[in-house]
There are 2 protein chains.
Amino acid sequence: MASSKDVAKTAGVSQSTVSRVLNDPSKVNPETVANVQKAMKSLNYRPNLIARSLKQRKTKSIALITGHLHNPFFVDTTMEIVEYAKQQGYHTLVYFEDQGDNLSVYEEVLKQQVDGIILSSIFFEDPIYKELEASGVPFVMFNRRHQAGGNFVETDNEKAGILAANHLLKLGHTKIAWIGGRTFASTFQGRLEGYKKAMQATNHQVDPEWIKETDTTEASVREAVDSLLLLDNKPTAIFAATDSMALFCQNYLMKMGYTIPDNFSICGMDNIDITAHAGIQMTTITHESKKPMGLYAIEHLIYMMEEEKQIKEMALTLQPTLIIRNTTGPKR
Amino acid sequence: MASSKDVAKTAGVSQSTVSRVLNDPSKVNPETVANVQKAMKSLNYRPNLIARSLKQRKTKSIALITGHLHNPFFVDTTMEIVEYAKQQGYHTLVYFEDQGDNLSVYEEVLKQQVDGIILSSIFFEDPIYKELEASGVPFVMFNRRHQAGGNFVETDNEKAGILAANHLLKLGHTKIAWIGGRTFASTFQGRLEGYKKAMQATNHQVDPEWIKETDTTEASVREAVDSLLLLDNKPTAIFAATDSMALFCQNYLMKMGYTIPDNFSICGMDNIDITAHAGIQMTTITHESKKPMGLYAIEHLIYMMEEEKQIKEMALTLQPTLIIRNTTGPKR
DNA sequence: TTCTATAATGACTACGTATTCACAATAAAC
DNA sequence: GTTTATTGTGAATACGTAGTCATTATAGAA
């Protein structure tokens with residue numbers, strides 16, 4: 001690999017001049033610029049960004065710590081973030097980490113000297129928050145939030161839970177199950193709380209057996225459905241806290257021979273693309289906003305990275321709305 | 001940020017010793033090790049991987065240049081690759097690039113000094129191949145292949161095209177449309193050739209109007225479907241060259257009121273998870289293999305990166321098989 | 001005792017770049 | 001003709017680390 005020194009030698013100039021040609025050619029004689037560029041071409045020279053990063057103490061890179069891509073919600077946000085970052089001259093290191101409190105991922109990220117971090121996988125009381133704050137690296141959370149606040153964009157999860165429950169209640173369902181992930185995460189916590197509040201507000205009992213915390217995998221969701229089917233006090237409707245899980249429910253119930261929504265109503269959340277498919281037609285909850293959620297996060301992160309001085313806080317809670325399709329219907 | 005020099009100072013040793021503690025503690029007095037580690041802890045020291053990379057001329061990073069994640073096929077491969085790489089101590093820079101011949105992405109990747117590259121987005125006659133070869137960085141292609149061969153893993157696309165066409169022919173369809181992406185890519189090229197061969201072998205004419213090269217987006221697929229519907233010689237079955245496109249067709253036709261497979265049979269390819277969903281039940285083509293395709297690619301890349309000497313070639317063509325579900329049926 | 005091997009450590013350098021400083025040559029101002 | 005900017009350039013340095021080399025102290029062999 002040719003270095004700027006090699007280029008300097010073949011162009012008959014100093015390494016400093018080569019560097020200047022690269023960074024601010026206006027500072028060097030046009031003739032010299034041409035010579036240097038010719039030398040670069042002939043040597044097939046490519047600046048070493050590692051060396052540049054070391055010198056500048058900026059890597060022009062960010063870390064994205066996201067949930068598993070088998071949840072299509074994270075596919076969208078990942079694409080949004082990676083593309084926008086690239087467009088702004090940053091490259092993205094993608095890490096998949098759903099557990100939340102896994103220190104090793106954060107250690108790794110900080111060693112990489114990234115200029116900023118975006119994370120979705122944080123728990124409400126995650127100790128990682130302190131670590132990140134102490135590191136001095138700007139970071140933004142999306143989807144999930146932390147009790148400490150910080151910079152984040154989320155959906156009003158409690159409101160979402162209320163919307164879902166009220167929709168099902170209005171259809172005549174009173175036995176409504178809730179299937180979600182661990183309530184360490186603010187998303188599931190909020191969606192559960194909202195559901196409970198709506199039930200309570202309309203004087204409907206919530207049987208604790210109806211509430212299923214899973215690890216969001218298909219196997220785990222199926223287990224939850226199985227156990228619901230065994231109940232005496234069997235629910236007639238399900239609020240699945242993500243579309244990914246709602247799809248698992250729908251598929252599993254249909255494969256067992258149940259009809260949706262005649263036997264069970266199902267409401268999801270996230271409005272991922274496939275839910276609009278004619279063969280799926282999932283009732284779900286989305287948020288109305290001009291920009292996709294990932295964009296809010298990355299835009300603000302880049303703002304923070306580039307205007308270090310005036311760190312403007314972002315605490316954004318998007319408002320959810322209900323999209324009624326065909327997986328929910330009146331109770332029979 | 002504390003450096004190894006700072007650690008050295010507070011521990012009362014030289015920077016060399018700190019480095020040794022990090023890389024091979026057996027070379028230093030256990031008592032000193034303890035002191036140094038204490039100093040590291042108290043300063044919250046984290047080794048700077050950028051500096052290490054510069055010194056070692058290895059970044060322990062790879063680049064993955066993949067197709068758009070809205071095609072779920074690439075979601076699977078991306079996860080496989082990123083996870084395995086991480087497990088082997090490499091981190092992954094993910095780039096989305098569908099165009100193929102976009103030089104700038106490759107320039108960017110090479111400047112990053114990655115130790116290896118995995119790419120799916122290469123065209124059969126892509127000039128980028130020469131560039132990559134010249135760079136000396138090991139690289140592996142998956143899904144698509146290049147005319148020059150090199151290291152790759154693919155599916156036998158021609159065979160896949162034959163399987164799909166024969167399946168539809170056997171059901172009595174003779175007017176079979178083909179919807180795919182640009183045939184610059186070996187995948188689409190092969191799937192089209194196979195389709196044509198199967199038709200020819202059974203003495204069925206192929207109307208050129210049945211063949212639709214799209215840019216694989218939903219809008220483009222809908223346009224293709226629209227133009228098929230306007231034909232006098234209207235097809236009764238569609239072979240969509242990826243499941244992603246097959247889903248677009250299925251959705252669009254159903255939304256227009258057509259029944260699948262009564263009005264149109266649809267066969268996809270890739271066997272992405274959602275095709276098995278009870279509401280979709282897409283007939284598709286997969287490949288049988290012990291390992292997912294992405295794993296072949298990353299395993300071989302890591303082999304190449306670590307055993308520089310004996311570069312074993314990998315030219316792997318997986319055999320496709322047909323999975324019959326409910327989107328294909330006898331011609332009416 | 002004297003010589004040799006081993007263990008433990010520090011000083012120093014290089015990786016490839018950006019940048020500061022110094023200096024020369026030229027152009028502009030007086 | 002002298003002074004003052006301005007332009008163009010090179011030498012030298014630092015970023016944080018790994019590793020080479022040299023040095024000292026100690027233990028074992030003769």
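Naming convention: chains lettered A, B, ... in sequence-line order (proteins, then strands); numbering from 1 in each chain. Below, all heavy atoms of this structure are taken into account, side chains as well, without hydrogens, waters or symmetry copies.
Distance from the side chain of Ser19(A) is smallest to dA18(C) among dT9(C), dG16(C), dA18(C). Comparing dT9(C), dG16(D), dT17(C) by their closest approach to the side chain of Ser3(B) singles out dG16(D). Considering only side-chain atoms of Lys55(B), the nucleotide from dT20(C), dA14(C), dA14(D) that sits closest is dA14(C). For Asn29(B), the side-chain atoms get nearest to dT9(C) when compared with the rest of dT9(C), dT9(D), dA18(D). Proximity note for Leu22(B) (side chain, C-beta onward) versus dA18(D), dG16(C), dG10(C): the nearest is dA18(D). Comparing dC15(D), dC15(C), dT17(C) against the side chain of Leu54(A) picks out dC15(D) as the nearest. Looking at the side chain of Ser14(A), the nearest of the listed nucleotides dG16(C), dG10(D), dA18(C) is dG10(D). Closest contact between the side chain of Lys5(B) and the listed nucleotides dG10(D), dT9(C), dC15(D) involves dC15(D). Of all nucleotides listed (dA8(C), dA11(D), dG8(D)), dA11(D) comes nearest to the side chain of Ser16(A).
Heavy atoms of Ser53(B) sit nowhere under 4.0 angstrom from any nucleic acid atom. Among the atoms of the strands shown, only primed sugar atoms or phosphate atoms (P, OP1, OP2) are found under 4.0 Å from some heavy atom of Val13(A).
In this structure, Tyr95(A) and Leu64(A) have side chains that are not in contact, with every pair of non-hydrogen atoms separated by 4.5 Å or more.
Listed pair Arg57(A) / dC15(D) fails the phosphate criterion, with no side-chain N or O lying under 4.0 Å from OP1 or OP2. At least one side-chain nitrogen or oxygen of Asn23(B) sits closer than 4.0 Å to the OP1 or OP2 atom of dA18(D). For dC12(C), the OP1/OP2 oxygens have no side-chain nitrogen or oxygen of Gln15(B) closer than 4.0 Å.
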Take Phe96(B) and Ser121(B), measure what side-chain contact (heavy atoms from CB on, under 4.5 Å) needs, and give me the verdict at the end. CA-CA 9 Å; Phe96(B) 303 109; Ser121(B) 63; over 6 Å; no
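A salt bridge does not link Lys86(B) with Glu108(A): every distance from a Lys NZ or Arg NE/NH1/NH2 to an Asp or Glu carboxylate oxygen is 4.0 Å or more.
The one candidate from Thr317(B), Thr187(B), Asn143(B) that meets the side chain to side chain donor-acceptor pair (under 3.5 Å) condition with Glu154(B) is Thr317(B).
Side-chain N/O atoms of Arg46(B) and base N/O atoms of dG16(D) include no donor-acceptor pair closer than 3.5 Å.
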